[in-house]
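Both ligands and their constituent atoms are indexed starting at 1 by order of listing. Residue numbers run from 1 in the order of the sequence given.
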Amino acid sequence: MAHGSRRRIARRTGLAATLGIAAVLLSGCSIDNAVLRFGWPSGVTPQAQMMRELWTWSVVAALIMGVIVWGLTFWTVIFHRKKKGDPDFPRQTGYNVPLELLYTAVPFVIIAVLFYFTVVVQNFVNDKEHGEADVVVDVTAYQWNWKFGYRTIDMGDGTPFYDGSDPDGGPQVVDPNDDDEFGPIHGKRRGDLSYLEYNTIETLGSSEEIPVLVLPTNRRIEFVLASSDVVHSFWVPEFLFKRDVLPNPAENHSDFSFQISEIEREGAFVGRCAEMCGTYHAMMNFEVRAVSPERFAEYIELRKPTVDGGQGLSNAEALEAIGESPVSVTTVPFETRREAQTAIPFRSGN
Ligand SMILES: [Cu+2]
């Protein structure tokens with residue numbers, strides 16, 4: 001190949017690469033677009049946004065490295081072949097100490113940079129401002145559904161502090177066949193579920209009804225996770241976050257709660273169990289319904305037991321009263337399509 005045309009190819013390749021990078025950088029200040037998310041949802045919490053940006057820049061860095069590696073590979077293959085009629089090998093460049101030091105050092109730098117940003121984002125995601133959450137939700141997972149309860153609500157905007165924990169609530173189920181005085185779980189009997197939390201206002205899923213967890217936007221929320229049987233995992237894809245839900249979480253030393261700084265916009269977001277937990281694992285869906293803090297306060301008022309000791313409204317009734325769909329809109333019972341973001345209308349009859 002003539003020297004001139006080779007240089008022209010190099011120049012054109014360089015130009016194309018520059019234009020490509022410029023197009024990416026100029027496509028807006030926000031990197032939240034379908035191409036740069038590389039398959040991820042955009043997320044509705046500040047934590048999700050940090051993780052998505054880390055993901056985007058990690059993939060971009062990997063692609064840049066990939067282009068360099070592919071370029072060098074093809075450059076070597078194409079331009080450093082054994083020449084026809086030439087009895088010698090091409091010039092050998094093995095044991096080039098400066099070059100080898102360079103390509104040992106550079107990956108360490110790359111790993112250090114990725115590690116740094118990963119730790120920064122992870123610390124932000126795991127950060128819990130103790131006692132500072134505006135809404136604390138008890139999440140109880142069981143085969144094969146969810147129970148959500150409001151432990152405390154402190155919206156800090158004139159609405160009074162609400163303590164919804166119910167220490168006497170719920171049956172303290174103990175396996176009737178278990179007559180050991182001391183059981184295998186830290187001295188507790190098998191089936192001792194006294195570690196589970198119960199609340200005055202609870203939302204319970206069933207085979208006919210997807211549990212809809214109503215939460216306010218723009219408020220710090222803490223999720224406290226516990227399972228009454230096997231290991232499950234609490235996952236809201238739009239939070240870009242999942243965490244295992246364990247039985248006896250405190251004694252299993254798991255970090256069983258996490259916080260999100262806020263849900264940034266109103267809407268319905270599907271939630272799933274993300275830990276294979278048995279036969280109906282795929283049906284273990286729920287929905288997060290984010291509403292404005294004002295409507296959330298209204299919702300809680302409607303669900304509270306009445307002053308004369310009567311029951312408050314059910315979840316569906318209270319949702320309807322604040323102008324929300326009383327049933328889930330992102331998933332339906334027995335929905336097993338994992339890519340589903342919106343529910344197919346439930347077919348009745350036939
Ligand atoms: Cu599960």
Side-chain angles (χ1 to χ4, degrees), residues 41 43-45 47-48 51 125-126 136-151 169-173 175 184-185 188 190-199 202-215 221-260 268-289 315 327-344 346:
V44 293
T45 66
Q47 281 78 3
M51 286 186 276
V125 170
N126 279 333
V136 179
V137 181
D138 281 310
V139 176
T140 309
Y142 59 95
Q143 286 172 316
W144 286 276
N145 224 311
W146 301 89
K147 179 169 76 83
F148 302 107
Y150 300 95
R151 186 187 292 190
Q172 301 300 315
V173 186
D175 185 348
I185 308 162
K188 285 183 178 165
R190 242 174 307 143
D192 182 340
L193 299 177
S194 56
Y195 63 88
L196 289 179
E197 297 288 341
Y198 294 90
N199 308 100
E202 289 188 335
T203 300
L204 183 66
S206 74
S207 301
E208 288 77 41
E209 193 175 348
I210 294 287
V212 177
L213 170 60
V214 183
L215 292 172
I221 299 162
E222 176 164 337
F223 298 88
V224 186
L225 312 173
S227 163
S228 69
D229 39 53
V230 300
V231 178
H232 301 271
S233 180
F234 178 90
W235 180 35
V236 179
E238 298 288 339
F239 292 177
L240 299 183
F241 185 85
K242 55 179 88 148
R243 175 150 289 168
D244 276 8
V245 185
L246 277 75
N248 272 303
E251 298 188 352
N252 282 317
H253 304 290
S254 78
D255 194 0
F256 50 89
S257 72
F258 70 97
Q259 293 185 358
I260 51 174
F269 311 107
V270 74
R272 307 184 189 289
C273 177
E275 179 74 54
M276 171 60 186
C277 60
T279 312
Y280 297 105
H281 159 68
M283 284 80 170
M284 214 173 136
N285 299 328
F286 63 97
E287 177 174 301
V288 168
R289 188 78 60 82
N315 192 33
V327 293
S328 64
V329 295
T330 55
T331 186
V332 291
F334 303 108
E335 171 63 276
T336 56
R337 295 175 308 141
R338 305 319 269 170
E339 77 281 9
Q341 297 283 322
T342 49
I344 330 172
F346 200 68

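- Between Phe258 and Asn126, every side-chain heavy-atom pair lies at or beyond the 4.5 Å cut-off.
- Backbone or side-chain N, O or S atoms of Met284 reach the Cu ion (ligand 1) at under 2.8 Å.
- Atom CG in Leu240 sits 9.5 Å away from atom CH2 in Trp235 (nearest 0.5 Å).
- Within His232, ND1 is the N, O or S atom that lies nearest to the Cu ion (ligand 1).
- Because the distance cut-off is set at 2.8 Å, His281 fails to qualify as a neighbour of the Cu ion (ligand 1), as none of its N, O or S atoms comes that close.
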From CA spacing to verdict: side chain to side chain contact (heavy atoms under 4.5 Å, CB included), Met284, Trp146: CA-CA 7 Å; Met284 214 173 136; Trp146 301 89; 3.7 Å; yes
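- No option in Phe223, Phe286, Phe241 other than Phe286 meets the side-chain contact (heavy atoms from CB on, under 4.5 Å) test with Val236.
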